*Asks:* 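Below: one structure in structure tokens.
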Amino acid sequence: MSCKAFIFDLDGVLTDTARYHYLAWKQLADQFGFHFDEKDNERLKGVSRIRSFEIILEINGAENRFTEEEKEKWANEKNQKYVELIRAITPDDVLPGVQAFLDDAKSRGIKLAVASASRNAPQVLESLKIADKFDYIADAGKVSKTKPDPEVFLVCRDALGLKSEECIGFEDAQAGIEAIHAAGMYAVGINVDVTSEEPDLHLKSTAELNVDRVLAAAGQA
Ligand code: BG6
Ligand code: MG
């Protein structure tokens, strides 16, 4: 079966917003005197805003410290910090190799989609000026189950009218690799901090992205 679509995570794959998510959570964690470092942050990649805050609380044995409303409030506060940070995003923030990779794939008729858990994804893609390259951008607000659940990848697959084996997913997070596999797709990892499931093809950075290489690795050259 030939590959008909590439489905991308956004944060940490198309641009380095994973760093901004970390900085915004770090500020909030510091406010409460919570421990939170870059290693802990790996567990937050790909998971929803509210679940991210719950993980920080779990790391600090503070699961019961806040009510559901308070958790919402602080998660929104983190989002306000994040939104301030992403205001500075420009097309220069598209990660190395990504523009050429998207253009090459598109010229070969491969469909492109974004499977991000972020409700800020449309804004980030607009600021990067790459939104119009994609055939489909999943609406994170309508996806009920967070990665490692495959839902967001399946939503993209269905919107494109394809089968799982015709899609290749790209992720920088462990939860994302699990989501791609659970969706029955081939998984390309970008600098993933692997703790359980290995991607099928693991690249050190987006600079290594190459359409022929990815298709060959997936046995579809
Ligand atoms: C994912 C990020 O893409 O989006 C997570 O990897 C983030 O770190 C999640 O928590 C939700 O993002 P947002 O912008 O809706 O808070
Ligand atoms: Mg990511």
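Atoms within each ligand, like the ligands themselves, are counted from 1 in listed order. On a predicted model such as this, the values are computed, not experimentally measured, just so you know.
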*Asks:* Could you tell me whether the side chain of F134 reaches within less than 4.5 Å of the side chain of L125, counting heavy atoms only?
*Replies:* yes
*Asks:* Establish, yes or no, whether a centroid distance under 6.0 Å links the rings of F101 and F170.
*Replies:* yes
*Asks:* What N/O/S atom of D172 gets nearest to the Mg ion (ligand 2)?
*Replies:* OD1
*Asks:* Contact between ligand 1 and A18 is defined here as a heavy atom of the residue under 4.0 Å from a ligand atom; is it met?
*Replies:* no
*Asks:* Would you mind finding which of A140, G141, S118, S52 brings a heavy atom closest to atom 14 (O) of ligand 1?
*Replies:* S118
*Asks:* Which residue and non-hydrogen atom of the protein lie closest to atom 11 (C) of ligand 1, and at what distance in Å?
*Replies:* A117 O, 3.5 Å
*Asks:* Has ligand 1 got any nitrogen or oxygen that is less than 3.5 angstrom from a nitrogen or oxygen of Y82?
*Replies:* no
*Asks:* If we count only N and O atoms by modelled type, under 3.5 Å, do the side chains of Q27 and Q31 hold a donor and an acceptor together?
*Replies:* no
*Asks:* Among all protein heavy atoms, pick the one closest to atom 3 (O) of ligand 1 and tell me residue, atom and distance.
*Replies:* D11 OD2, 2.6 Å
*Asks:* Which residue and non-hydrogen atom of the protein lie closest to atom 16 (O) of ligand 1, and at what distance in Å?
*Replies:* R49 NE, 2.7 Å
*Asks:* Any ion pair linking K81 and E84 (charged N to carboxylate O, less than 4.0 Å)?
*Replies:* no
*Asks:* Report yes if W25 has an N/O atom closer than 3.5 Å to an N/O atom of ligand 1; otherwise report no.
*Replies:* no
*Asks:* Take the angle between the ring planes of F32 and W74 and call it parallel below 30°, perpendicular above 60°, tilted in between.
*Replies:* perpendicular
*Asks:* Of the choices I55, V47, T17, which has the non-hydrogen atom that lies closest to atom 5 (C) of ligand 1?
*Replies:* V47
*Asks:* Near N120, which atoms of ligand 1 are under 4.0 Å from a heavy atom of that residue?
*Replies:* 13 (P), 14 (O)
*Asks:* Can you pull out the closest protein heavy atom to atom 15 (O) of ligand 1? Residue, atom name and distance to 0.1 Å, please.
*Replies:* R119 N, 2.7 Å
*Asks:* Of all the non-hydrogen atoms in the protein, which one sits nearest to atom 8 (O) of ligand 1, and at what distance?
*Replies:* L44 O, 3.3 Å
*Asks:* Please check if any side-chain donor atom of E166 sits under 3.5 Å from a side-chain acceptor atom of S2, or the reverse.
*Replies:* no
*Asks:* Is the shortest side-chain N to carboxylate O distance from E171 to K147 below 4.0 Å?
*Replies:* yes
*Asks:* Using a 4.0 Å cut-off to any heavy atom of K45, which atoms of ligand 1 qualify?
*Replies:* 6 (O)
*Asks:* Rounded to 10 degrees, what angle sits at the Mg ion (ligand 2) between D9 OD2 and D11 O?
*Replies:* 90°
*Asks:* Do H21 and N41 meet the criterion of a side-chain donor-acceptor pair at a distance under 3.5 Å?
*Replies:* no
*Asks:* Thinking salt bridges, do E38 and R19 make one under a 4.0 Å N-O criterion?
*Replies:* yes
*Asks:* When only distance counts, is N79 in polar contact with ligand 1, meaning an N/O pair under 3.5 Å?
*Replies:* no
*Asks:* Quick one about N210 and D104 (side-chain donor to acceptor, distance below 3.5 Å, no hydrogens or angles considered), yes or no?
*Replies:* no
*Asks:* I'd like to know if D193 and K39 make a salt bridge, using a cut-off of under 4.0 Å between side-chain N and carboxylate O.
*Replies:* yes
*Asks:* Checking a contact table here: which protein heavy atom is nearest atom 6 (O) of ligand 1, and how many Å away?
*Replies:* G46 N, 2.7 Å
*Asks:* At less than 4.0 angstrom from any non-hydrogen atom of S116, what atoms of ligand 1 do you find?
*Replies:* 3 (O)
